[in-house]
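Only one structure is covered here, and it is reproduced in the block below.
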There are 2 protein chains.
Amino acid sequence: MRHTEDSAAVTEALDLLREKGERVTAARRAVLHVLDDASGHLCAEDIATRVDEAEPGVHRATVYRSLQSLAELGIVAHTHVPGSATIYHLRHSPGAPTGHAHLQCSTCERFFDIPSDWLTPLGDRMREELGFELEAQHAALLGTCAQCRAAAG
Amino acid sequence: MRHTEDSAAVTEALDLLREKGERVTAARRAVLHVLDDASGHLCAEDIATRVDEAEPGVHRATVYRSLQSLAELGIVAHTHVPGSATIYHLRHSPGAPTGHAHLQCSTCERFFDIPSDWLTPLGDRMREELGFELEAQHAALLGTCAQCRAAAG
DNA sequence: TTATGTGCAAACTGTTTGCGCGAAG
DNA sequence: CTTCGCGCAAACAGTTTGCACATAA
């Protein structure tokens with residue numbers, strides 16, 4: 001096991017694991033570190049690659065299982081991306097106080113974050129008229145970004 | 001080749017194919033029939049199954065390819081569904097004048113349609129503030145439906 | 001006749017799972 | 001010491017692709 005210093009966010013997450021009676025393992029610690037370091041959003045495969053750099057020998061399947069349990073515990077959040085891999089990030093990330101929804105450009109495939117509250121009026125309407133509770137951050141929205149629109153004319 | 005009567009929508013689609021110099025084949029005709037008959041939204045596999053009933057021997061891969069070309073021609077529309085198969089429907093369907101966006105319940109997996117214009121204010125904001133052009137119908141939104149919310153308490 | 005679409009099999013990506021071993025508690 | 005997580009390999013779903021053959025135009 002590697003003994004890199006755990007950041008505040010990671011320590012918090014590990015404590016939460018222990019509290020819930022879950023085990024703290026090298027793999028889970030490594031996954032948390034990767035997510036903590038990552039500025040953007042990473043898919044499981046990317047995470048596996050980086051985990052394997054820090055903690056060689058950790059299997060991809062383990063990364064998937066770790067992400068699953070961490071998601072169930074509410075430590076990480078995942079966003080489904082149409083037509084490609086699910087992306088993951090730490091839930092109570094310092095940079096994101098409100099929570100954010102995800103936009104993906106269908107052309108260049110880049111992601112853009114928007115504050116969740118942009119979706120609040122829509123969510124309200126769905127609740128009122130359909131009784132449907134929207135989870136704004138759970139699926140990426142598609143469209144075309146400014147750059148690609150300009151490029152396309 | 002089967003000689004079932006083509007509906008107006010199917011005839012229109014086939015004409016469009018010819019106009020564009022694309023070939024009218026049994027497989028494509030069958031795919032269009034299935035989409036025309038279908039009330040709800042079907043994934044490629046479902047379409048393949050139904051196509052095979054009407055036109056035995058049509059390969060799944062052909063259905064995928066047909067859907068692809070029909071989508072490029074703007075005859076069918078597809079919606080990516082987080083975590084499962086892409087769903088397809090006829091573009092200028094008689095029942096859907098405005099176009100609709102798709103909601104999926106994460107619990108029971110059922111779909112709900114909402115008018116695209118519910119997303120117009122959000123789309124406007126994205127365009128103004130980010131230059132991002134939202135394609136509201138291109139990805140399903142996730143949440144929890146009234147029934148499942150009630151069931152969960 | 002000739003380009004385009006098709007059938008088939010095989011690859012591919014993203015993800016899950018059954019099994020026995022190993023390590024956290 | 002016991003249970004839970006892990007590594008591994010294999011399976012899975014959804015989709016795409018290279019190739020040779022068939023067929024719409």
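Just so you know, these numbers come straight off a predicted model, no measurement behind them. Labels below follow one simple rule: chain letters A, B, ... track the order of the sequence lines, proteins then strands, and each chain is numbered from 1.
- For the pair B:R29 CZ and C:dG5 P, the computed distance is 15 Å after rounding to whole Å.
- Non-hydrogen atoms lying under 4.0 Å from DNA chain C are contributed by A:R60, A:A61, A:Y64, A:R65, all within residues 58-66 of chain A.
- With rounding to the nearest 0.5 angstrom, the NE2 atom of B:H33 is 7.5 Å from the CG atom of B:L14.
- Scored by the salt bridge (Lys or Arg N to Asp or Glu O under 4.0 Å) test, A:D52 finds no partners at all (sequence neighbours excluded).
- Side chains of B:Q137 and B:T79: no donor on one and acceptor on the other come within 3.5 Å.
- A:H78 places its NE2 atom 10 Å from the P atom of C:dT15, with the value rounded to the nearest Å.
- Within the nucleic acid shown, A:T86 comes within 4.0 Å of sugar-phosphate atoms alone, with no base atom in reach, counting heavy atoms only.
- Relative orientation of the A:H102 and A:H89 rings is tilted, given thresholds of 30° and 60° on the angle between their planes.
- Residue B:S84 places no side-chain N or O under 4.0 Å from the OP1 or OP2 atom of D:dA13.
- Ion pairing of B:E22 with B:R28 is present here, as a side-chain N (NZ or NE/NH1/NH2) and a carboxylate O approach within less than 4.0 Å.
- Comparing the axis of the opening five pairs of the helix from C:dT1-D:dA25 to C:dG25-D:dC1 with that of the closing five pairs yields an angle of 30°, rounded to 10°.
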Show each protein N/O and nucleotides 1-3 of chain C N/O combination with a separation under 3.5 Å, one pair to a line.
residue, atom, partner, partner atom, Å
C:dA3, N3, B:R23, NH1, 3.4
C:dA3, N3, B:R23, NH2, 3.0

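- In this structure the side chain of B:C108 reaches within 4.5 angstrom of the side chain of B:C145, judged on heavy atoms.
- Taking CG from A:L17 and OG from A:S69, the interatomic distance works out to 7.5 Å, rounded to the nearest 0.5 Å.
- B:H80 places its NE2 atom 15 Å from the C1' atom of C:dT13, with the value rounded to the nearest Å.
- To the nearest 0.5 Å, the span separating CG on A:L119 from CG on A:D124 amounts to 10.5 Å.
- Taking atom CD of A:Q68 as the reference point, atom P of D:dC4 lies 16 Å away to the nearest angstrom.
- The OH-C1' distance, from A:Y88 to C:dT15, rounds to 8 Å in whole Å.
- The distance from atom CG of B:L67 to atom P of C:dG5 is 14 Å, rounded to the nearest whole Å.
- A:G21 comes within contact range of no nucleotide atom at all, as no heavy-atom separation falls under 4.0 Å.
- Atom CD in A:E55 sits roughly 17 Å away from atom P in D:dG5 (whole-Å rounding).
- In this structure, the CG atom of A:L14 is 15 Å from the C1' atom of C:dG25, given to the nearest Å.
- For residues 128-153 of chain A, the ring pair (Phe, Tyr, Trp, His ring centres under 6.0 Å) pairs, not counting sequence neighbours, are A:H78-A:H138, A:H80-A:H138, A:F132-B:F112.
- Membership of the apolar cluster around A:V81 extends to A:I87, A:F111, as traced through chained side-chain contacts below 4.5 Å between ILVMFWY residues.
- Atoms CG and SG, from A:D46 and A:C43 in turn, are 3.5 Å apart once rounded to the nearest 0.5 Å.
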